[in-house]
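Structure record follows, encoded as structure tokens.
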Amino acid sequence: MNFIETRGNDGQFPKEVTFSQAILSPMSSFGGLYSPKSLPQLGLDFLKAHLNSNYKTLAKAILAEFEVDIDQAVIDQALALYDQFDDPTNPVPVVKVRDDLFVSELYHGPTRAFKDMALQPFGTVLSAVAQKRNEKFLILAATSGDTGPAALDTFRNKPNVQVVCMYPDGGTSDVQRLQMVTETGENLKVIGIKGDFDDAQTALKSLLVSTSFRDTLKQQGVQVSAANSVNFGRIIFQTIYHVHSYLELVRLQEIGLGDQVYLDVPSGNFGNALGGYYAYKMGLPVAKILIASNQNNVLTQFIEEGKYDLRDSGVIATTSPAMDILKSSNIERILFDLFGAERTKELMLALDKDKFYQLTSDELGMVQTIFAADFCTNQEGQDYIKQAYEDGYLMDPHTATCLKVYDTKRDQKLKTIAYSTAEWTKFSPVIAKTLFGGELTSDIDALKRIADKGQIPIPAQISRLFDLPATQAKVIDKQNIETEILSFFK
Ligand SMILES: *Cc1c(COP(=O)(O)O)cnc(C)c1O
């Protein structure tokens, strides 16, 4: 399957690229993204045939439908990384928490957040493609806290790849920061930035299109690429667990094959929800995708009113920081899929220039046939965490945002799959305060408190962090990013 550009072609970039080209060079004409030219159709027969498939078998079959230009041996090697999840036979457990609410837990990988679902296999695929072409890549990653650790983990000591990971200093949890600054892989560099996540993401985007930056690295035989959620190499792995979660509900006899469900997705850059959208387009029986946000509610406004408005909003720091995002990059692929390249270009250029666009009412209608949205305040999120805990389920603040849209936006009595994107261990201070009172404490104290009171172990991947030296703790000003990165190559 080939990929085409969301903002059309400018005559400079190739009109169409393969999967491996799209993952190596994710930026396209006019600052657009690559999107699949067409999607495979899975259909009920496919679902039926995979009713008893384990996760890896299902993943392999879905990837085969996409017809990507990656050797089967590489795909097998990439999918084998799910074997290091907590339960190799079931890397994504789906847990019933209410009669009609199921939580699909995407956080059982090495860095305890859902980014591992895509980045674990992606690292292997990208390094293999680079080796095969005998090329070297610098992978840039901007993180609000979970992408960074997952990108570093997946590329550690991988051939032909170096990684620079930028995070907003003070914008991540202690655990997330430690996961990055204690990193010792020779091919990995971590940079803290004075600013917020949008600053880090904007810096990354401008480096990706900067010819001087590229040329300097080219002289060293290095090309530049990105591991952010705009990279289709991540999105493709994020379609799989939506299909898996649906099949789990069939296996649990909670639904019949073909019955519709709601997908309920805590969203920021919209990669997770986009994976759900593609699964729906490929034939997964989905009534609606419910988009959960925190107080940075641009996505709610977009889906409810057709308005994308960044004019006087700044990012609000919330208790679900991985969703503290205003420029939600993957919305562009939804625009492209629904309205085509010409209109997408028009809307995205308006957003760049005027920080605003408004869909027509027909366009909004198309968005609303598949999406509904609501946002959850910090206080509401804490109430949901508390209520769920009392009912026997411990959830993190990102997962908690799903409960709001579950309460407000279902118009049919259908089973709902909510996605849990992080383990409690990554955001423990607010959880400890919510459940057991007292003041906010450090991560380590909160972890111990929850572990103690809740009789739940702290996984080794987290507890070990507190004993490691912080070897990559440098924090710099935004304007020094380029120089700092280039120094990594001296
Ligand atoms: C990345 C992340 C999200 C947002 O996912 P998107 O694909 O960017 O919408 C939500 N929760 C957690 C914990 C995350 O790490």
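For the single chain, residues carry numbers from 1 onward in sequence order. Note that these values count all heavy atoms, side chains included, but never hydrogens, waters or copies made by symmetry. What you see is a predicted model, and the numbers here were worked out from it, not measured in a lab.
Between Phe85 and His108, the ring center distance fails the sub-6.0 Å criterion. Taking the six-membered ring for Trp and the full ring otherwise, Tyr277 and Phe371 have centroids separated by under 6.0 Å. Ring centers of Tyr55 and Tyr82: under 6.0 Å apart, within the cut-off. Tyr419 has its ring centre less than 6.0 Å from the ring centre of His242. Aromatic ring centres of Tyr308 and Tyr357: separated by under 6.0 Å.
Under the 4.5 Å side-chain criterion, counting only non-hydrogen atoms from C-beta, Asp153 is in contact with Thr111. Between Ile291 and Ile289, the closest side-chain pair of non-hydrogen atoms falls below 4.5 Å. Between Ser212 and Glu482, some side-chain heavy-atom pair lies under the 4.5 Å cut-off.
None of Leu290, Asp264, Val405 except one satisfies the side-chain contact (heavy atoms from CB on, under 4.5 Å) rule with Arg410; the exception is Leu290. Screening Arg156, Lys189, Arg177 for a salt bridge (Lys or Arg N to Asp or Glu O under 4.0 Å) with Glu183, the sole residue that qualifies is Arg156.
Across all non-hydrogen atoms, the minimal contact from Leu299 to Ser267 is CD1-CB, 3.8 Å. Here the shortest heavy-atom pairing between Thr6 and Thr344 reads O-CB, 3.3 Å. Residues Gln162 and Phe489 share a closest heavy-atom pair of OE1-CE2, 3.1 Å. Scanning both residues, Leu364 and Phe302, for their nearest heavy atoms gives CD1-O, 3.9 Å. Scanning both residues, Asn187 and Asn157, for their nearest heavy atoms gives OD1-N, 3.0 Å. Residue Thr239 comes nearest to Ile236 through the heavy atom pair OG1-O, 2.8 Å, listed as atom of the first residue, atom of the second, then distance.
Considering CZ of Phe375 and CG of Asn296, their distance stands at 10.0 Å, rounded to 0.5 Å.
Both tests pass for Arg311 against the ring of Phe356: distance under 6.0 Å to the centre and angle within 45° of the axis.
Between His50 and Phe46, the angle of the ring planes lies from 30° to 60°, which puts this pair in the tilted group. In this structure, His398 and Phe427 have tilted ring planes: the angle between them lies in the 30° to 60° band.
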Salt bridge (charged side-chain N to carboxylate O under 4.0 Å, His left out) evaluation trace for Lys194 with Asp169: CA-CA 6 Å; Lys194 294 175 191 157; Asp169 183 44; over 6 Å; no

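Heavy atoms from other residues, nucleotides or ligands lying under 6.0 Å from NZ of Lys307 number more than 12.
Between the side chain of Glu304 and the backbone N or O of Gln301 there is no donor-acceptor pair closer than 3.5 Å.
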